[in-house]
Amino acid sequence: VNIEGLEFTRSSSPTIIGSGGSAAAIEELVQQLDSRRGVLLTSSYEFPGRYARWSLGFVDPPLEITGKGSHCSIRALNKRGRVLIPAIP
């Protein structure tokens, strides 16, 4: 889908925010989440050869997705979200 004003960047490797490694990046994200919207998902479960520890997080999401019962709504939270809304059926 081509949307005017939207730029895509793809990477085959994870991007770590900050220069102190993953632990510092997670701590930085935790601090940001005290005052900004976002999420931090992390798994500390590890099983050699099968499962590895991982973390995924972000702040200032472009969209908010809420649901209750069988109703779902999507709302733009910023300029990036307003660009994405037309691409959602």
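Just so you know, these numbers come straight off a predicted model, no measurement behind them. For the numbers below, each heavy atom of this structure counts, side chains included, while hydrogens, waters and symmetry mates do not. Numbers for residues simply follow the sequence, beginning at 1.
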_Grouping I, L, V, M, F, W and Y whenever their side-chain heavy atoms are under 4.5 Å apart, do Trp54 and Phe58 come out in a common cluster?_
yes

_From CG (Leu63) to CD1 (Ile85), nearest 0.5 Å_ = 5.0 Å

_Using the ring-ring contact (aromatic ring centres under 6.0 Å, His included) criterion, which residues pair with Tyr45? Sequence neighbours excluded._
Tyr51

*asked:* Suppose we screen for side-chain hydrogen bond (donor to acceptor under 3.5 Å, both in side chains). Which residues come up paired with Asn78, at least two apart in sequence or across chains?
replied: none

*Approximate separation, where rounding is to 0.5 Å, of Leu29 CG and Thr42 OG1*: 10.0 Å

*Show the numbers, then the answer: is there a side chain to side chain contact (heavy atoms under 4.5 Å, CB included) between Ile74 and Leu84?*
CA-CA 10 Å; Ile74 301 173; Leu84 292 171; over 6 Å; no

*Which atoms form the tightest heavy-atom contact between Pro61 and Arg37, and what is the distance?*
CD-O, 3.5 Å

*What pair of heavy atoms forms the shortest contact from Val39 to Leu33, and how long is it?*
N-CD2, 3.6 Å

_Do Val30 and Val59 land in one hydrophobic cluster if side-chain heavy atoms of ILVMFWY residues count as linked below 4.5 Å?_
yes

*Report whether Ile88 and Ile65 are members of the same hydrophobic cluster (ILVMFWY, side-chain heavy atoms less than 4.5 Å apart, transitive linking).*
yes

*Residues that Glu27 engages under side-chain hydrogen bond (donor to acceptor under 3.5 Å, both in side chains), provided they are two or more places apart*: Gln31

*Going from NE2 on His71 to OG1 on Thr66, what distance comes out if it is rounded to the nearest 0.5 angstrom?*
6.5 Å

